[in-house]
2 protein chains.
Amino acid sequence: MEYTIQKIANLAGISTRTLRHYDSINLLKPIRINSSGYRIYGENEIDKLQQILFFRELGFGLDTIKELISKKDFDPLYALYHHKQKLLEKKKQLDLLIETVDKSIAEREGKIRMTDQEKFAGFKKQMLHENEKQYGTIIREKYGAETVEKSNQKLLNMTEEEYLKVTKLAEDIQVKLAEAKRLGDPASVEAQEVAAMHKRWLSFYWAGYSKEAHRGLAQMYVDDPRFAKYYDAQEPGSAAFLRDAIFIYTGKTK
Amino acid sequence: MEYTIQKIANLAGISTRTLRHYDSINLLKPIRINSSGYRIYGENEIDKLQQILFFRELGFGLDTIKELISKKDFDPLYALYHHKQKLLEKKKQLDLLIETVDKSIAEREGKIRMTDQEKFAGFKKQMLHENEKQYGTIIREKYGAETVEKSNQKLLNMTEEEYLKVTKLAEDIQVKLAEAKRLGDPASVEAQEVAAMHKRWLSFYWAGYSKEAHRGLAQMYVDDPRFAKYYDAQEPGSAAFLRDAIFIYTGKTK
DNA sequence: CTTGACATTGACGTTACGTTAAGGTATATA
DNA sequence: TATATACCTTAACGTAACGTCAATGTCAAG
């Protein structure tokens, strides 16, 4: 099926302006432009739009959505599982809100009392922290094709806020690491700062932080060419330098 | 209990900037400012903020929220009932979305097929029209103190979009009615246009439109001094003029 | 007495569109 | 064949609800 802009807008319950906007920011391009300059959308665009709307519904910004779905290894099926999980969480929160309404009604009718805390239960985006003790599959399974996949999946399970934080942190580490490397001393304040950042970064993916595991990962950075390549990209020898810094940071000179 | 800005922000899970914003637009003012110029919030503000957040959660704009809760006859208890109903509707929609995810997963796994329509079920703010056949209590109960209350309650049951539309329509009617009245002829194009607008307006509150009922209401506008006063405010004699126009519009010269 | 965590008022920035404006295109009907 | 109507286009400014500085003041603890 081919759709003009208004047909697809009606189908999805959005405005034509929104579709033009998505076109202009390269989030969703029509499959082709006809001889009159009209946008024409096809089946693939339908599915892509659906994904976009799911992410949007879950509070992701358009920039983030674009990043996610345009990745070469974007997996629509896995994304759908992600959506389901997140929608279920949202539903839980809605239930909490409804409970808060019920309580507030009962309070107004003089039946019960509420603390000020209780009056806002369900509004706060509850700490996923507590009930989401992700355990560190990364190291435990050693590395391999799976490892990288798994950690990408963890990305999808983050809120947008977390996602932005963690990707920014990763970038910062790259930059600071290259700077520190140029100074040459893995015991320097700069290098130790990088090691600390790396610990924070690791904690995103991996709840059970321990010095031993941190060191193991650091060594892996050197041994595994894929990781080494990533860290050496900005400045050669960075992977080894980072390992040394982390070894010192975790209290082991070598 | 008294709260500083950050305490209340943490309590409610919002930012201090948001609270300052609400202050500056007169949506939520602190109970007092202390000697250092700090905002201090009290119990009443807590409850008011809760109401604000409920409305916000339901997609109401801050302007609209301000209008609603600052009305002298704002009823917090009734509002809570409203919130509950709307939250339950929202939950229904979420269930629909989750169903859409499930189906989409099944489709990707080759188990079922989906139409393009189905792929977007749950995104569209479903027509409340269908399952919300409000019946016309206004006329049926004749008028009285209750009548006005009931129709105000209907306002709370509208989405923001509807609310804005209906209030704007009411204003437009006022203006156009005064203009048409000055022309003098209730059969004129202008007057008939007003009658048509009035029908649209009425349909917002009252699903079971009929010419008889429309005429009944028009007569009531003249007979009831409260209504007459409202319509005669801009231009004296407008209530009677409107009645005449509606009588003609509904096909009864007198 | 200074440090750090609070608070204040501007004021400009951002996101995701809404909303004209000015105009080209397709099709049904007079 | 004309014209009305319902589409479509780009361009550009508008808006809502804050986020994010910057510059500065206040308060409690060590």
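Only heavy atoms go into these numbers, but all of them, side chains included; no hydrogens, no water, no symmetry mates. Naming: A, B, ... by sequence-line order, numbering from 1 per chain. It should be emphasised that the depicted structure is a prediction, and the values quoted were computed from it without experimental measurement.
A distance of 11.5 Å separates CD1 in B:Ile69 from OG1 in B:Thr64, rounded to the nearest 0.5 Å. A:Ile5 CD1 to A:Ile14 CD1: the interatomic distance, rounded to the nearest 0.5 Å, is 8.5 Å. Atom NE2 of A:His83 is separated from atom CD1 of B:Ile98 by 13.0 Å, given to the nearest 0.5 angstrom.
The 12-atom threshold is exceeded at NZ of A:Lys66, counting heavy atoms of other residues, nucleotides or ligands nearer than 6.0 Å.
Partners of A:Ser15 under the side chain to side chain donor-acceptor pair (under 3.5 Å) rule, at least two apart in sequence or in another chain, are A:Thr18. A:Lys90 is linked by a salt bridge (Lys or Arg N to Asp or Glu O under 4.0 Å) to A:Glu57, counting only residues two or more places apart in sequence or in another chain. Partners of A:Glu107 by side chain to side chain donor-acceptor pair (under 3.5 Å), not counting sequence neighbours: none found. Under the side chain to side chain donor-acceptor pair (under 3.5 Å) criterion, A:Arg17 pairs with no residue, sequence neighbours left out. With sequence neighbours excluded, the residues satisfying salt bridge (Lys or Arg N to Asp or Glu O under 4.0 Å) with A:Arg32 are A:Glu2. With sequence neighbours excluded, no residue forms a side-chain contact (heavy atoms from CB on, under 4.5 Å) with A:Asp63. Taking B:Asp95 as the reference, A:Lys91 meet the side chain to side chain donor-acceptor pair (under 3.5 Å) condition, with sequence neighbours excluded.
Put simply, CD on A:Gln6 is 16 Å from P on C:dA26, counting in whole angstrom units. At whole-Å resolution of the value, CG in A:Asp63 and C1' in C:dG13 are 15 Å apart. We find that CD1 of A:Ile65 is positioned 12 Å from C1' of C:dT15, with the value rounded to whole Å.
The stretch residues 30-50 of chain A comes close to DNA chain C through A:Ser36, A:Tyr38, each having a heavy atom under 4.0 Å from the strand. DNA chain D lies under 4.0 Å from at least one heavy atom of each of the following residues of residues 13-28 of chain B: B:Ser15, B:Arg17, B:Thr18, B:His21, B:Tyr22.
A 4.0 Å heavy-atom criterion places the boundary nucleotides of DNA chain D facing chain B at D:dA17 to D:dC27, written 5' to 3'.
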With a 3.5 Å cut-off and sequence neighbours excluded, list the donor-acceptor pairs that the side chains of residues 36-48 of chain A form with protein atoms.
{"residue": "A:Arg39", "atom": "NE", "partner": "A:Asp23", "partner atom": "OD2", "Å": "2.7"}
{"residue": "A:Glu45", "atom": "OE1", "partner": "A:Gly42", "partner atom": "N", "Å": "2.9"}
{"residue": "A:Asp47", "atom": "OD1", "partner": "B:Lys119", "partner atom": "NZ", "Å": "2.9"}

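For B:Asn10 and B:Lys7, the side-chain atoms include no donor-acceptor pair closer than 3.5 Å.
End-to-end axis angle of the helix from C:dC1-D:dG30 to C:dA30-D:dT1, using five pairs per end and rounding to 10°, comes to 10°.
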